[in-house]
Amino acid sequence: RASRPTPRGGPRRDDLRPTSYRGVIGVKGDIGNWQYDAFAQVGKVLYSETYFNDFSVSRSARALDVVPGANGQPVCRSTLNGVDPNCVPYNIWSLGGVTPEALTYLQTPGFQKGHTSQSVQGINLSSDLGEYGIKLPTSSEGVGVAFGWEHRTEKLELNSDVAFESGDLAGQGGPTKNVRGQFSVRDYFAETRIPILQNVPFADQLTLTGSYRKSDYSTGQDTNSYGVGLEWAPVKEAKFRFSYQRAARAANVVELYTPAGLALFGMSADPCTGANPSATLEQCQRTGVTAAQYGNILNSPAQQFNQIIGGNTALEPEESDSYTLGLVLTPTRNTSLTIDAFDMKVKGIIGGLPASTTLTQCLNTGDAQFCDLITRDRLGSLWALETANIVATNQNLGMSSTKGIDLGANWNTKLGAWGGLNLSLMGTYLKEFKQEDFPGSGEYDCAGLHGSTCGVPLPKWRHKLRASWATPWRGVELGATWRYVRGTDLDYTSDNPLLAGDFEAADARLGARNYLDLTAGWQINSMFALRAGMNNALDKDPPLSGVVAEVYGNGNTYPQVYDSMGRHVFLNLTAKF
């Protein structure tokens, strides 16, 4: 990847070299009416990165601190006082002023390498207890059970050079600290499936399911997960389904062990900047602004500010409760329709309190639990010098809840001599996505929004509509997919006071996007298959905004939601032996 960070500085280049290994061994079989499956797997990903043409922060400061030399020519102050005899003046004020010698002095590479590894061992046992006569009299099928045990170990290590670790690379947003950590977990689980009714009036099928899992972590945390489900088909063509699930997620290696370090976050404006700040003097003083600084603080031209992020070994597991209610219709052999409503809530969310939220809470309340996390530099800013920051390290925060509907449809037909056609639709309507940053802070709904607080765009509707044609030519299939992502508004535009803020009109909305993907496949024979395609065939650019969530955004957009690289063409050949 490449970008142009400085005038005439040339593109930054990031050379990433990941290498992965994975090995699996297992055995499965039957012992009487019991089926067993035992396995062991190991995996490792080696990571190597060399970053070229970034500017050294320390050298840039010296190269811009220029005074007249003995002959009247510009010279670095550090050259005259002997601090850095190799310094070359960096003249960005005149055409042609940036010389190759200056760039050679300023540009510096950065290197880091590391690895992640995972090892898993487990065994599963399952059986149909109907073979032992364990079944309900109203059902022809027996009770199914499954039991299992699993042991997993995860490790991570990252080693950076001095340039990365010291934060001397201007384009990295802060230091990249060395990371090292690991944990292991033992899981024990049991599942059951109980057919209650079968082939009776108003119940072609009625089945109850249940599950339980206990996890013991080497970090001292224990979690319990469990769930129940019910499926009822009054007739073969229609089935209702309901489920409840209590789930738990313990912190991963990165969340636990990442050292605290400086990073950036996006915010349209610091309310305490400019000649006429939007916040009062009293409010700004709560965040560390002096009376002399008030009205004289410059806002960040890049809309980026400093925060401290990092891990926390005292994190407790997240817990969630999920409810789903759905309907499956199969009116014909060639047609199916599914609709599932979901209601999910997560408590004790692991993450850093958004720095913008901390600032807003301090301004509005003066509460020390927020204001103590804010440090301004000697200029009064939250961005100009490295001493400025808002602490946003990981902790167990508030909650997140979401409600919506998943839709699915599938239809296929034969075209006689012309082969066959299949149409399928998968879409999600997001009714709400509420968040509470910390207990008692109040809720805000991010459905249809994005930004420095809400994060990644959460469109209220998105779908994939795919058409595939099984051609009359042997083994050849053609397909086209329409991907649609509804537009989202900047969270600052919300009327919720927890989100509302100052913004530029150009940043108010990320427009909707329609993408067309084309694919072609040819099953040459039983061994070889050829596949080609073109994603984003119409080369649609992603929507841009000056305010993006710094942790998730890149290049003024969100690559995980939109196609940021434009048209993508691929070709692959698969061989099976």
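When only modelled atom types and interatomic distance are considered, T481 and Y515 share no side-chain donor-acceptor pair under 3.5 Å. For W482 and N514, the side-chain atoms include at least one donor-acceptor pair closer than 3.5 Å. Donor-acceptor pairing under 3.5 Å is lacking for the side chains of S336 and T330. In the model, T176 has no side-chain atom that pairs as donor or acceptor with a side-chain atom of S160 under 3.5 Å. Remark: the H151 side chain and the W149 side chain contain no N/O donor-acceptor pair separated by less than 3.5 Å. Side-chain polar atoms of Q112 and E49 form a donor-acceptor pair below 3.5 angstrom. Checked by atom type, the side-chain pair T360/T357 shows no donor-acceptor distance below 3.5 Å. A donor-acceptor pair shorter than 3.5 Å can be found between the side chains of S139 and Q198. D187 and S215 share a side-chain donor-acceptor pair at under 3.5 Å. Residues D377 and S381 bring a donor and an acceptor atom of their side chains to less than 3.5 Å of each other.
Between R246 and E319 a salt bridge is recorded (basic side-chain N to carboxylate O distance below 4.0 Å). Electrostatic pairing of R241 and D340 counts as a salt bridge here, judged by a charged N lying under 4.0 Å from a carboxylate O. The pair K214-D216 meets the salt-bridge criterion, since a charged nitrogen lies less than 4.0 angstrom from a carboxylate oxygen. Salt bridge annotation for E157-K155: absent, with no cationic side-chain nitrogen under 4.0 angstrom from a carboxylate oxygen. Salt bridge status for D563 with R483: present, with a side-chain N to carboxylate O gap under 4.0 Å. A salt bridge links D489 with R509; the closest basic N to acidic carboxylate O contact falls under 4.0 Å.
Proximity of a side-chain donor or acceptor of T402 to a complementary backbone N or O of M344 within less than 3.5 Å is not detected. Checked by atom type and distance alone, the side chain of E255 pairs as donor or acceptor with a backbone atom of N252 at under 3.5 Å. At least one donor-acceptor pair closer than 3.5 Å links the side chain of N556 to the backbone N or O of S545. A distance-only check finds a donor-acceptor pair linking the side chain of D507 to the backbone of G546 [under 3.5 Å]. Although no hydrogens or angles enter the test, the distance criterion places a donor-acceptor pair under 3.5 Å between the side chain of D517 and the main chain of N536.
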- Message: Determine whether F342 and Y429 satisfy the following criterion, ring-ring contact (aromatic ring centres under 6.0 Å, His included), listing intermediate values before the conclusion.
- Response: CA-CA 10 Å; F342 57 84; Y429 165 68; 9.3 Å; no

- Output, in order, the C-alpha distance, side-chain angles, deciding distance and verdict of side-chain hydrogen bond (donor to acceptor under 3.5 Å, both in side chains) for R376 and T287. CA-CA 8 Å; R376 292 184 178 271; T287 72; 2.9 Å; yes

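The aromatic rings of F240 and W232 lie parallel to each other, with less than 30° between the two planes, well short of the 60° mark. Ring-plane geometry between Y558 and H450 is classed as perpendicular, the angle between the planes exceeding 60 degrees on a 0 to 90 degree scale with a lower cut at 30.
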